[in-house]
Amino acid sequence: MKQIYLDHASTTPVRPEALDAMLPYFGDKFGNPSSIYPLGQAASDAVAEARETLASVIGASPREVFFTSGGTEADNWAIKGFSHANSAKGKHLITSSIEHHAVLHACEALEREGFEVTYLPVDERGLVRANDLREALRPDTILASVMFANNEIGTIQPVRELAAIAHEHGTAFHTDAVQAFGHEPIDVDDLGIDMLSASAHKIYGPKGVGLLYVRKGVKLANLLDGGQQERGRRATTENVPGIVGFAKAAELAAVEMASEHDRQCALRDHAIRRVLAEIPHAKLNGSWESRLAGNVNFSFEFIEGEGMLLQLAARGISASSGSACTSGSLDPSHVLLAIGLPHEVAHGSLRLTIGRSTTQEDMDFAIDSLKATLENLRMMSPLYEDFKQGRAESVIEKLAADGFPYTS
Ligand SMILES: *Cc1c(COP(=O)(O)O)cnc(C)c1O
């Protein structure tokens with residue numbers, strides 16, 4: 001049976017060019033970058049070249065790029081490392097209520113240490129309101145952290161405006177750009193970003209490697225004490241193959257960004273139009289306009305998300321019903337609740353994320369399968385029976401009447 005992978009926000013396959021670039025560093029170029037003989041220097045040169053490539057992709061200087069084990073580590077380092085190094089100036093942070101758990105749980109850990117955190121709400125389209133940030137800033141606010149693009153509903157935040165507001169108050173600005181890096185143009189100077197997190201495995205690089213951009217002059221506590229790697233701030237022998245693969249993936253993503261963005265936007269919009277036209281009691285979650293090219297996220301009434309995912313999997317379609325970290329738990333996604341969805345609607349949600357290999361034919365097959373799946377599930381649903389008999393109301397119809405956009 002044909003397998004259609006529509007979960008690229010969760011992870012991506014390593015592209016062959018990145019794998020080819022990595023392989024020698026597992027083999028005959030295995031040296032330790034800290035060694036002075038040629039084998040070590042070749043590895044050290046490869047890491048330096050990768051750092052330059054990755055810095056240039058975001059308009060940074062190589063000295064501002066620090067390698068990490070992934071997006072989660074970069075987020076933790078930015079938030080905890082910055083707070084620990086700057087707590088004499090204040091102990092208040094601001095973030096949004098729709099951040100990835102890497103940011104939210106890092107903030108909660110700081111709260112247990114005596115820091116205070118304000119979690120900004122989002123509007124019904126999943127966007128942070130600039131005015132909410134302005135009003136939340138206090139004299140003791142040291143850091144604002146708002147994600148570039150959301151991993152569940154794909155909404156792209158007004159980062160330039162948010163960073164400018166933070167700076168007016170002397171507050172530093174971090175962004176979790178794991179979903180945007182390599183997909184959206186990012187220039188850290190132009191946008192006013194002080195710290196930025198990215199991860200290789202979301203852009204066809206290997207798992208287990210990421211980066212934290214730290215603007216020159218920004219104080220950060222060391223993450224790992226040990227040797228002199230990463231200029232003494234994150235010791236441990238470098239993940240040379242991973243770093244090389246990350247740089248190759250980022251370099252190619254930059255070359256392909258504009259064409260791939262347009263191609264994926266067309267697929268995304270086609271999917272949204274088809275679902276809203278052909279499937280009743282459906283709702284697009286998150287802004288349509290300010291949205292990643294590869295993300296669609298819908299809620300469907302009268303069905304259970306888990307049942308939908310299992311039936312789609314049986315038809316060869318890999319999709320997700322929110323973030324991978326929350327599947328397995330029965331709590332609805334914190335992101336879908338934050339945009340104002342009632343629990344029963346949030347439970348019936350589906351995320352399809354498009355990648356380089358996704359074709360229009362794949363997308364049409366997925367939507368056809370989705371239609372059949374939902375018809376199946378609704379046929380067996382007592383809730384749907386009640387609705388058809390006029391004994392229950394449609395929550396999505398009520399949301400639409402309240403002004404929620406993009407419903408059917
Ligand atoms: C995937 C993801 C992360 C975590 O990245 P890892 O490299 O898997 O640790 C953090 N933030 C966002 C927005 C993500 O999508």
Side-chain angles (χ1 to χ4, degrees), residues 5-14 18 54 58 65-81 95-109 119 122 126-128 145-157 159 162 174-184 186 193 195-213 223 234 239 241-243 245-247 249-250 253 285-286 290-297 318-328 333-336 338 351-355:
Y5 182 77
L6 287 171
D7 204 17
H8 291 85
S10 166
T11 195
T12 57
V14 176
L54 287 156
I58 53 170
V65 170
F66 296 87
F67 291 114
T68 66
S69 69
T72 300
E73 186 182 303
D75 285 340
N76 270 265
W77 192 9
I79 287 164
K80 294 176 184 167
T95 189
S96 85
S97 51
I98 63 166
E99 297 296 311
H100 190 274
H101 282 140
V103 168
L104 287 179
H105 292 168
C107 286
E108 286 164 19
Y119 300 89
V122 291
L127 297 172
V128 170
S145 177
V146 178
M147 68 200 316
F148 204 110
N150 183 267
N151 45 300
E152 291 187 42
I153 56 174
T155 48
I156 299 174
Q157 300 298 334
V159 164
L162 299 176
H174 165 255
T175 190
D176 173 345
V178 172
Q179 289 291 331
F181 181 83
H183 297 280
E184 294 287 323
I186 300 177
I193 294 165
M195 292 186 285
L196 173 145
S197 307
S199 178
H201 77 98
K202 305 289 175 80
I203 62 160
Y204 308 91
K207 291 167 183 59
V209 58
L211 68 80
L212 180 64
Y213 157 78
L223 183 69
R234 183 195 184 261
N239 172 5
I243 288 168
F246 186 12
N285 294 315
S290 188
R291 186 180 199 103
L292 289 171
N295 175 292
V296 297
N297 186 310
S318 305
S320 126
S321 68
S323 74
C325 330
T326 54
S327 67
S333 134
H334 65 286
V335 175
L336 297 177
R351 179 185 74 179
L352 303 175
T353 43
I354 299 161

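Whatever order the structure lists ligands and atoms in, that order sets their numbers, starting from 1.
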Need the ligand 1 atom indices (1-based, order shown) with element for anything under 4.0 Å from a heavy-atom of Lys202. 1 (C), 2 (C), 3 (C), 14 (C), 15 (O)
Between atom CD of Gln179 and atom OG of Ser199, what is the distance when rounded to the nearest 0.5 Å? 9.5 Å
What distance do Thr155 atom OG1 and Leu292 atom CG have between them, rounded to the nearest 0.5 Å? 8.0 Å
Numbered atoms and elements of ligand 1 in range of Gly70, under 4.0 angstrom, heavy atoms: 7 (O)
Looking at CG of Leu336 and CD1 of Ile98, how far apart are the two atoms once the value is rounded to the nearest 0.5 Å? 10.0 Å
If you measure only the distance, is there a donor-acceptor pair under 3.5 Å linking the side chains of Asp75 and Ser197? yes
Test of understanding: given a 4.0 Å heavy-atom threshold, classify the contact between Lys207 and ligand 1 as side chain, backbone, both, or neither. neither
Side chain to side chain contact (heavy atoms under 4.5 Å, CB included) with Phe67: which of Leu212, Leu54, Asn239? Leu54
Does ligand 1 come near enough to Gly71 that some N or O of the ligand is less than 3.5 Å from an N or O of the residue? yes
Mode of Glu73 contact toward ligand 1 - side chain, backbone, both, neither (heavy atoms, under 4.0 Å): neither
Working to the nearest 0.5 angstrom, can you tell me the gap between Glu99 CD and Ile79 CD1? 7.0 Å
Residues forming a ring pair (Phe, Tyr, Trp, His ring centres under 6.0 Å) with Phe66, sequence neighbours excluded: Trp77
For His201, take its heavy atoms, then give the atoms of ligand 1 lying under 4.0 Å from any of them. 6 (P), 7 (O), 8 (O)
Tell me the contacting part of Asp75 for ligand 1: side chain, backbone, both, or neither, using a 4.0 Å heavy-atom threshold, strictly below. side chain
Can you classify the ring geometry of Tyr5 versus His8 as parallel (below 30°), tilted (30 to 60°) or perpendicular (above 60°)? perpendicular
Which residue and heavy atom of the protein sit nearest atom 9 (O) of ligand 1, plus the separation: Thr72 OG1, 2.6 Å
Report the nearest protein non-hydrogen atom to atom 11 (N) of ligand 1: residue, atom name, distance rounded to 0.1 Å. Asp176 OD2, 2.7 Å
Nearest-neighbour protein heavy atom for atom 3 (C) of ligand 1, which is reported as residue plus atom name and distance: His100 NE2, 3.5 Å
Any N or O of Asn151 closer than 3.5 Å to N or O of ligand 1: no
Any atoms of ligand 1 less than 4.0 Å from a non-hydrogen atom of Ser199? List them with their elements. 6 (P), 7 (O)
